[in-house]
Amino acid sequence: KGRQTSIASFFGAK
Amino acid sequence: MFEGRLLQGSLLKKVLEAIKDLVTDTNFDCSETGIALQAMDSSHVALVSLLLKDTGFDHFRCDRNLALGINLQNMSKMLKCAGNDDIITLKAEDEGDTITFMFESPNQDKISDFEMKLMDIDSEHLGIPDTDYQAIVTMPSAEFQRIVRDLSSIGDTAVIGVTKEGISFSTGGDIGKANIVCRQNTNVDKEEDQTTVEIHEPVSLTFALRYLNSFTKATALSPQVTLSLSKELPIVVEYKIEKMGFLRFYLAPKIEE
């Protein structure tokens with residue numbers, strides 16, 4: 001059912 | 001000093017109920033434009049973004065930008081002591097280490113003052129790029145809540161697909177599988193009961209249902225919810241807070257190995 005990605009991998013820390 | 005007076009105190013009560021189980025401690029960033037909050041959940045799979053604009057407050061003053069570190073469970077406990085029709089005033093001194101919540105009953109015959117210790121939280125803010133989403137669906141928030149709850153009884157991940165026909169939600173588990181399709185529907189009396197689909201590209205993404213379930217605790221904030229999807233990007237689940245701003249949830253997708 002797929003691997004959960006992390007939200008931080010999409011939104012870089014400012 | 002910072003002071004914000006909200007005539008519709010129930011909005012703040014609903015916001016806390018919606019996020020207190022997803023995020024533990026976070027900063028309420030207060031500035032002259034309002035109150036903003038951005039926080040990841042403990043597993044860094046979801047992100048909450050709240051905006052309460054100053055114009056939505058009956059009275060708003062913020063002399064200096066303040067980051068008020070708050071434990072959301074504790075704040076929720078205090079806000080539970082406010083009546084649904086109470087006016088809620090938030091107040092904090094620039095150099096203070098507490099925040100006060102004042103609740104005024106509608107006919108001003110009962111005034112409550114609660115004071116809570118603030119925390120030092122060094123939160124790094126994530127940059128959320130403006131995105132032109134491939135598909136944007138607006139639907140009744142109660143409908144979305146019902147679908148997510150029903151699918152959660154069958155499986156733990158949902159495939160959400162959007163085509164020009166409408167939006168589909170599918171799941172599967174030990175006992176079997178389920179697929180729910182909501183078609184575009186604009187011939188209803190109240191606009192808030194509409195389901196509208198704006199689509200540039202058909203898109204299909206997989207998400208963990210337990211996070212979607214958690215997001216639907218915000219259903220009381222708005223009769224509608226907007227779902228924005230793009231290939232290989234987090235879904236945005238947005239509840240607009242009338243005349244004030246929004247409560248947005250971003251959820252990272254699950255990708256096939």
Side-chain angles (χ1 to χ4, degrees), chain A, chain B residues 22-23 29 36 38-49 122-131 133 151 154-160 170-174 177 204-212 215 229-237 248-257:
Chain A
K1 293 191 193 111
R3 176 178 60 81
Q4 177 62 60
T5 58
S6 92
I7 197 77
S9 65
F10 295 93
F11 301 146
K14 266 183 184 162
Chain B
L22 196 63
V23 172
D29 296 314
Q38 188 201 83
M40 282 188 281
D41 78 296
S42 52
S43 60
H44 287 199
V45 167
L47 179 79
V48 178
S49 173
D122 56 348
S123 62
E124 101 268 1
H125 274 64
L126 298 181
I128 301 171
D130 283 338
T131 306
Y133 286 94
L151 289 185
I154 308 297
D156 54 18
T157 60
V159 177
I160 301 180
S170 317
T171 190
D174 303 341
K177 53 188 177 182
S204 174
L205 289 165
T206 304
F207 299 99
L209 275 163
R210 77 183 184 91
Y211 292 97
L212 294 176
F215 301 167
L229 294 96
S230 267
K231 190 164 168 302
E232 290 163 11
L233 279 184
I235 186 173
V236 192
V237 179
R248 277 184 196 141
F249 299 97
Y250 296 81
L251 177 58
K254 300 184 80 164
I255 51 179
E256 302 310 310
E257 293 299 0

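- Looking at B:I128, B:L47, B:D41, B:V45 one by one, the single match for side chain to side chain contact (heavy atoms under 4.5 Å, CB included) with A:I7 turns out to be B:L47.
- The greatest number of non-hydrogen atom pairs below 4.5 Å with chain A, out of B:M40, B:E232, B:H44, is found for B:H44.
- When every heavy atom of B:K254 is checked against every heavy atom of A:G2, the shortest pair comes out as CE-O, 3.6 Å.
- When all heavy atoms are compared, the tightest approach of A:S6 to B:A252 is C-CB, 3.8 Å.
- Taking each heavy atom of A:F11 and B:P234 in turn, the nearest pair found is CZ-CG, 4.0 Å.
- Taking OG1 of B:T206 as the reference point, atom CD of A:Q4 lies at 10.0 Å (rounded to 0.5 Å).
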